[in-house]
Amino acid sequence: QVQLVESGGGLVQDGGSLRLSCAASGTTFSRLAMGWFRRAPGKGREFVAAITWSGESTYYGDSVRGRFTISRDNAKNTMYLQLNSLKPDDTAVYYCAAARTVGSWDLAHDYDYWGQGTQVTVSS
């Protein structure tokens with residue numbers, strides 16, 4: 001089993017920035033593919049970003065590409081999501097996810113472990 005804990009969410013103004021963190025434990029972090037998903041009120045779970053276990057490749061959802069940056073520090077067993085130029089439409093609970101193997105980076109079904117989420121609220 002893998003445990004994931006998100007942190008860094010909060011309330012920010014339109015155009016502001018936040019940095020989310022996801023701390024992992026229970027297994028070798030460097031062998032897990034990692035991703036971020038979000039769920040906004042009245043919407044389904046949406047893919048945000050993903051990163052390979054080595055950090056060599058990253059993937060982004062269309063709605064966040066160019067504004068968000070995903071990274072990981074395997075020595076600290078931690079993944080990060082830098083959120084810039086935030087919009088009210090980015091308001092959601094953001095979830096950290098991990099996978100032993102991934103077929104499609106943007107499919108929540110392909111991820112094995114999930115954190116409890118951290119709330120990001122962007123004022124309009």
Asks: Are the side chains of D73 and Y80 in touch, meaning some heavy atoms are under 4.5 Å apart?
Replies: yes

Asks: Would you confirm whether E6, through its side chain, and C22, through its main-chain N or O, come within 3.5 Å as a donor-acceptor pair?
Replies: no

Asks: Looking at every non-hydrogen atom in both residues, tell me the closest pair between L86 and D14 and how far apart they are.
Replies: O-OD1, 3.0 Å

Asks: Does any non-hydrogen side-chain atom of L11 lie less than 4.5 Å from one of Q119?
Replies: no

Asks: Between atom OH of Y95 and atom CG of L20, what is the distance when rounded to the nearest 0.5 Å?
Replies: 13.0 Å

Asks: Can you name the closest pair of heavy atoms from L18 and G8 and give their distance?
Replies: CD2-O, 3.8 Å

Asks: Is T78 reaching over with its side chain to a backbone N or O of A23, donor-acceptor style, under 3.5 angstrom?
Replies: no

Asks: Consider only side-chain heavy atoms of I, L, V, M, F, W and Y, link residues closer than 4.5 Å, and tell whether V64 and V12 are in one cluster.
Replies: yes

Asks: Does I70 offer a backbone N or O that forms a donor-acceptor pair with the side chain of Y60 under 3.5 Å?
Replies: yes

Asks: Could you state whether W53 and V102 fall into the same hydrophobic cluster, counting links through intermediate Ile, Leu, Val, Met, Phe, Trp or Tyr residues with side-chain heavy atoms under 4.5 angstrom apart?
Replies: no

Asks: Looking at every non-hydrogen atom in both residues, tell me the closest pair between S21 and W36 and how far apart they are.
Replies: O-CH2, 3.8 Å

Asks: Can you tell me how far apart OG (S63) and CZ (F68) are? Round to the nearest 0.5 Å.
Replies: 7.5 Å

Asks: Measure across M79 and S71 and return the closest heavy-atom pair with its distance rounded to 0.1 Å.
Replies: CG-O, 3.2 Å

Asks: For W114, does the six-membered ring have the charged nitrogen or CZ of R39 within the cation-pi criterion, i.e. under 6.0 angstrom from the centroid and within 45° of the normal?
Replies: no

Asks: Of the options T52, I51, D110, which is the one that meets W105 in a side chain to side chain contact (heavy atoms under 4.5 Å, CB included)?
Replies: T52

Asks: Might you point out which heavy atoms bring A92 and R38 nearest each other, and give the distance in Å?
Replies: CB-CB, 3.9 Å

Asks: Supply the atom-to-atom distance S54 OG to R72 CZ, rounded to the nearest 0.5 angstrom.
Replies: 8.0 Å

Asks: Can you get from L81 to F37 by hopping between Ile, Leu, Val, Met, Phe, Trp and Tyr side chains that sit under 4.5 Å apart?
Replies: no

Asks: Check A24 against L4 and note the closest heavy-atom contact, atom names and distance.
Replies: CB-CD2, 3.6 Å

